[in-house]
Amino acid sequence: MASVSEMYDVGWEEMRDKLRKWREDNFRNSEQIVDVGEELISEHGSKLGDDIWIIYEQVMIAALDCSRDDLALTCLQELRKQFPDSHRVKRLSGMRLEALERYDEANKHYDAILQEDPTNTAARKRKISILKAQGKSTEAIRELNEYLEQFVGDQEAWHELSELYINEHDYGKAAFCLEELMMTNPHNHLYCEQYAEVKYTQGGLENLELSRKYFAQALRLNNRNMRALFGLYMLAGRGTKENKCSVKAVEEMLESMQITMS
Amino acid sequence: FKMASSFWKGVVGVGLFALAHAAFSAAQHRSYMRLTEKENETLPIDIVLQTLLSFVMTCYGIVHIAGEFKDMDASSELKNKTFDTLRNHPSFYLFNHRGRVLFRSPEEEISSARNQQALPNPIRLRKLEHLH
């Protein structure tokens, strides 16, 4: 099988830079990461210097995604050798246990980390992920809420909470989480657009108004946002279809429906 | 270019040296003025020129070393960002997805087929279990 560098005619520096780009932008293209990373580590390990440790971490997580437990174990062992008492490495071994569905052991692992360092956010987030993986969404939501009371600035966690609420169809609370995100990232058109979509799903006259405004805002921030354009189009379509007589009926219907919506 | 950056580093170095030299000359001129009691004379023009020129040179050199400039418009950087990457929260990644089964190598599949009874319930049935 041809190696990555032969197939795409890239040198090891480009491979390393690509891995860095994927890491910084949160790409989850695990198959590619495993291919590129494995080759980089095995053939050019010595040239990487200190970069190799973070690449080990990145490749290990990607290997867990691709069911490459052998590779994951190798990376983990290398990291353990280099950083014997590190909480970050312990978190990685906990993640490996999670991937093997040994959730109780993983939980014990994270509890041990939290005993040594109660402020360790990574271990708390992994515990929440274990609850999510086991399907206990209400507990996950509760734990995440408690986490966010202490660490209010954690944007990843807010977005995760909004996703959990959307899965539970609790759109009001999901909208609240997205509002937090919009407050701290006013220039990010994607949060505006997602907020508008949640409001649109909630329905009800005020929410549709709000939704239209935020779709417009998203487009103002980025006029190439296709979903926002489509959202605006859907909302405009509704406006022209109603004629004067049925508007009142529709409004009344919406009013009565709002009793059941949050 | 590595070659180019060392050139600009040289420019910054020369600029800073010239600036220091001009400062030293100005200080020396001041003490000379005090000694000869000619307080009314302003700084000689060559010192002033040297200061200004070396300042400009240093600034210009630093701009070239500093790296890529970001856009003034904060939102333009995000134009290419999509939900594909925004939605990924690395601290919350789950591994109980179909990738665990899809990428499994053939030998593992054969052995797992034999242990069919020992396999835990597939993920889609797990949520229903809680309802019982």
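Lettering of chains follows the sequences in order, A, B, ..., and the numbering in each one begins at 1.
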Requested in this report: Starting from the C-alpha separation in whole Å, work towards a yes-or-no answer on side chain to side chain contact (heavy atoms under 4.5 Å, CB included) for B:H89 and A:K125.
Outcome: CA-CA 10 Å; B:H89 310 126; A:K125 292 200 230 186; over 6 Å; no
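Stacking of A:R28 on the aromatic ring of B:Y93 is recorded, both the 6.0 Å distance cut-off and the 45° axial limit being met.
Enclosure of atom NE2 in B:H21 is not indicated, since only 12 or fewer non-hydrogen atoms of other residues, nucleotides or ligands lie within 6.0 angstrom. Around CZ of B:F17, the count of heavy atoms belonging to other residues, nucleotides or ligands within 6.0 Å does not exceed 12. Residue A:F151 places its CZ atom among more than 12 non-hydrogen atoms of other residues, nucleotides or ligands, all under 6.0 Å distant. In A:Y110, the OH atom is crowded: over 12 heavy atoms of neighbouring residues, nucleotides or ligands sit closer than 6.0 Å. Counting non-hydrogen atoms of other residues, nucleotides and ligands closer than 6.0 Å to CZ of B:F55 gives a total of 12 or fewer. Residue B:I45 qualifies as open at atom CD1: its count of foreign heavy atoms under 6.0 Å is 12 or below. Crowding of A:R88 atom CZ: a count of heavy atoms from other residues, nucleotides or ligands under 6.0 Å not exceeding 12. Enclosure of atom NZ in A:K18 is not indicated, since only 12 or fewer non-hydrogen atoms of other residues, nucleotides or ligands lie within 6.0 angstrom.
The main-chain N or O of B:F92 is never found under 3.5 Å from a side-chain atom of A:E160 such that the two would form a donor-acceptor pair. B:N88 places no side-chain N or O within 3.5 Å of a backbone atom of A:F27 that could act as its donor or acceptor partner.
Shortest non-hydrogen contact noted between B:G99 and A:S67 is O-CB, 3.8 Å. Closest non-hydrogen pair, A:A133 versus B:L94, comes out as CB-CD2, 3.8 Å. Pairing each heavy atom of A:N26 with each of B:T85, the nearest pair is CB-O, 3.8 Å. Across every non-hydrogen atom of B:F83 and A:L190, the tightest pair is CZ-O, 3.4 Å.
Your options are A:R91, A:E98, A:Q194, and the one with the most heavy-atom pairs under 4.5 Å with chain B is A:Q194.
Between B:H97 and A:D65, the side chains place a donor N or O and an acceptor N or O closer than 3.5 Å (distance only, hydrogens not considered).
The shortest distance between side-chain heavy atoms of B:L86 and A:H159 falls below 4.5 Å. A:C66 has its side chain out of reach of B:R100: every pair of non-hydrogen atoms, C-beta onward, lies at least 4.5 Å apart. Within the 4.5 Å cutoff, side-chain heavy atoms of A:R224 are placed close to those of B:N80. Between B:F95 and A:R96, every side-chain heavy-atom pair lies at or beyond the 4.5 Å cut-off.
For chain B, the nearby part of A:L144 is the side chain; its heavy atoms alone come within less than 4.5 Å. Using a 4.5 Å cut-off between heavy atoms, A:A122 does not touch chain B at all. Neither the backbone nor the side chain of A:Q155 comes within contact range of chain B, judged by heavy atoms closer than 4.5 Å. With a threshold of 4.5 angstrom between heavy atoms, A:L64 approaches chain B through its backbone and through its side chain.
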